[in-house]
Amino acid sequence: MEDKKPPAETITFLGTAGARIMVANQILASGGLWLNLSGTEILLDPGPGTIVQATKRKLRAEKLSAIILSHRHLDHSADTNIMVEAMTQGGFKRHGWLFAPADALGSEPVIFSYLRDYLEGVEVLQEGKAYSVGNVSFTTPVRHIHQVETYGILFRTSGHTFSYIADSRYFDGLCKSYSGELLIINVVRLEANHPFDHLSVPDAENIIKELKPKVAILTHFGRTVWRAKPWEIAQGLSEKTGSRVIAARDGMKFDLAQLDSN
Ligand SMILES: [Zn+2]
């Protein structure tokens, strides 16, 4: 009898740092997320050091089908150019797609013009639109409230659905735009009373209670969250929300098969 295991779907956290101080000092790494969804590999938000974090873990850029940027801030986009060069083997193999909001590609683009020609194409992310890469489809349901044009992403694979809730101030339409068995939430701030366009731990609690995912993963930690120990925050949120809440760690590989047990 042949063992018919479904192909693996994994998310590797190449960094968990959020915002300027954590990233500038590399208190945590800032390499974004590397998705391997039944063989379709996608890099999400390649912040500073992605090339180092990826090669160190033997993730091979030439296997990527796409690079997706939620927005143009440096902690989400700084390694775009080198990752495009690596994905296309220095431009010798024209290959792969870049997805980004219009303001990341406009008058001050995050990608050099000579590198654009190495790609199969560039697609502009827009509110409410759907896209596909290999056997993965995704949507950018709502424009976030952030200093620059920003979208979160709802992914659908043959086996799973999950959401990546990128940087945003909390707003009423945020929850209803996302769903899935798994939520990945960028939680920069510890307290809700701050002037920044970022989600806080109380915001994450509300989102998890509202959407009731099987698993929620907190990441993109600012200094206040880091000092409060994300793993303890996650434990507290698990108790308060009834969902399993995990604090991401640099290098953590989450297997989506974990969503299938019970
Ligand atoms: Zn940002």
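Everything numeric here is computed off the predicted structure, so don't read it as measured data. For ligands, and for the atoms within them, numbers begin at 1 and follow the listed sequence. We number each residue from 1, following the sequence as shown.
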Check against salt bridge (charged side-chain N to carboxylate O under 4.0 Å, His left out), Arg60 and Glu41 | CA-CA 10 Å; Arg60 292 170 56 196; Glu41 299 190 33; over 6 Å; no
Polar protein atoms (N, O or S) that approach the Zn ion (ligand 1) to under 2.8 Å | His71 NE2, His73 ND1, His146 NE2, Asp167 OD2
Answer yes or no: are there more than 12 heavy-atom neighbours, outside Lys209 itself, under 6.0 Å from its atom NZ?
-> yes
Going by heavy atoms in the side chains, are Ile184 and Ile165 under 4.5 Å from each other?
-> no
Do NZ/NE/NH1/NH2 and the carboxylate oxygens of Glu108 and Arg72 come within less than 4.0 Å?
-> yes
For His198 and Asp203, run side chain to side chain donor-acceptor pair (under 3.5 Å): C-alpha distance rounded to whole Å, both residues' side-chain angles, the deciding distance at 0.1 Å, then the answer.
-> CA-CA 9 Å; His198 277 297; Asp203 294 331; over 6 Å; no
Is there a salt bridge (charged side-chain N to carboxylate O under 4.0 Å, His left out) between Lys240 and Glu205 once you walk through the steps?
-> CA-CA 8 Å; Lys240 284 184 186 166; Glu205 181 181 336; 3.7 Å; yes
